[in-house]
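To find a chain, count down the sequence lines: A is the first, B the second, and so on, and within it residues start at 1.
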2 protein chains.
Amino acid sequence: MKHTKRVRLEAHGWRVGSAQEFLDLSAEEAALVETKLRLSRAVRERRATLSQSQAALAKRLKSSQSRVAKMEAADPTVSVDLLLKALFALGATPRDVATAIRTPLPSAA
Amino acid sequence: MKHTKRVRLEAHGWRVGSAQEFLDLSAEEAALVETKLRLSRAVRERRATLSQSQAALAKRLKSSQSRVAKMEAADPTVSVDLLLKALFALGATPRDVATAIRTPLPSAA
DNA sequence: CCGTATTATGTCAGAACTGACATAATACGC
DNA sequence: GCGTATTATGTCAGTTCTGACATAATACGG
């Protein structure tokens, strides 16, 4: 279950216009996906550092363990808003968030 | 129409638990709101720099002028996801986004 | 192995967000 | 002032996201 760019676009009722426009939108979508990946990784790392279970973080967030798992899996049904809420709940500062967003993934394109 | 923390929490069906918990959640909510403000400001600045109208940006985003206006007004009905989509559509890099998130507002608390 | 603690995956009703539209308010040149 | 271009505010039906639940998979000590 890995809706990526393509699927997401189709879900939005896409009908490709100019190739240029499509490519640009792809790049923008890719940047957003990459950002989500970085944030989700940051959530997992901070939580692990604090030795908290997903269930514990979920409780603090008034969310559920399954949703935390999806956050860390960068599931497309998880919004950036939720990822940020999780990070702040884990004690991250805006500076920490900024760093996470700038930090490239281990081996991602 | 300025739903802030309080209203948002109530909208979520809040019932205050311990004072400590409430305060913590307030701080976290505040951090998120502050982040949204910074991003919305970044959208306005980038768009202005490019001398684009809200309508032009909206078209590029496949959105509407009114929603771009709400983005720049940091309206609570605008998600961080949408703000990021706008920034990337305006040519921002993850690094730019990170900078925006770290940059304090002119005179905010 | 077996318990059990933790994490992953699927599903869905309800809540939040979105684009679009209408229309009001502002800004700016003429 | 008047036109008009741009931005602001309000509303709402349709889509997306969310929490919760069930349950499967994995990790790990005994």
Nucleotide forming a Watson-Crick or wobble pair with D:dT23, both distances under 3.5 Å: C:dA8
5'-most by nearest nucleotide on DNA chain D - B:Q52 or B:D81: B:Q52
B:R44 vs D:dA8: side-chain N/O to OP1/OP2 distance below 4.0 Å: yes
Under 4.0 angstrom between A:S66 side-chain N/O and C:dA8 OP1 or OP2: no
Touch class at under 4.0 angstrom, heavy-atom based, for A:S63 against every strand present: sugar-phosphate
Interatomic distance where CG belongs to A:D75 and C1' belongs to D:dC17 [whole Å]: 10 Å
Note: B:R67-B:D75 ion pair, threshold 4.0 Å (strictly below): no
Short side-chain N/O contact from B:S53 to OP1 or OP2 of D:dA5, under 4.0 Å: no
Closest to side chain of B:S64, choosing from C:dG19, D:dT18, C:dT18: C:dG19
Spacing of A:L57 atom CG relative to D:dA20 atom P, expressed in whole Å: 13 Å
Phosphate contact (D:dT9 OP1 or OP2) by B:R67 side-chain N/O below 4.0 Å: no
Side-chain N or O of A:S79 closer than 4.0 Å to phosphate OP1/OP2 of D:dC17: no
Of B:V80, B:D81, B:L82, the residue whose pairing with A:S79 passes side chain to side chain contact (heavy atoms under 4.5 Å, CB included): B:D81
Integer-rounded Å distance: D:dC17 P and A:L61 CG: 18 Å
Sugar-phosphate only, base, or nothing, as touched by B:V68 at under 4.0 Å among non-hydrogen atoms: nothing
Protein-nucleotide distance (A:K62, atom NZ; C:dA16, atom P), rounded to Å: 15 Å
Donor-acceptor pair (no angle test) under 3.5 Å: A:Q54 side chain, C:dA8 base: no
N-O pairing of A:E72 and A:R41 below 4.0 Å: no
Nearest listed nucleotide, side chain of A:Q65, among C:dT7, D:dA8, C:dA20: C:dT7
Euclidean distance, atom CG of residue A:L32 to atom P of D:dC17 [Å, nearest integer]: 10 Å
Pair B:K85 + A:E29: basic N to acidic O under 4.0 Å: no
Value in whole Å for how far the P atom of D:dT16 lies from CG of A:L82: 18 Å
Donor/acceptor link under 3.5 angstrom from A:K70 side chain onto base of C:dG10: yes
Short side-chain to backbone donor-acceptor contact, A:R38 and A:T103, under 3.5 Å: yes
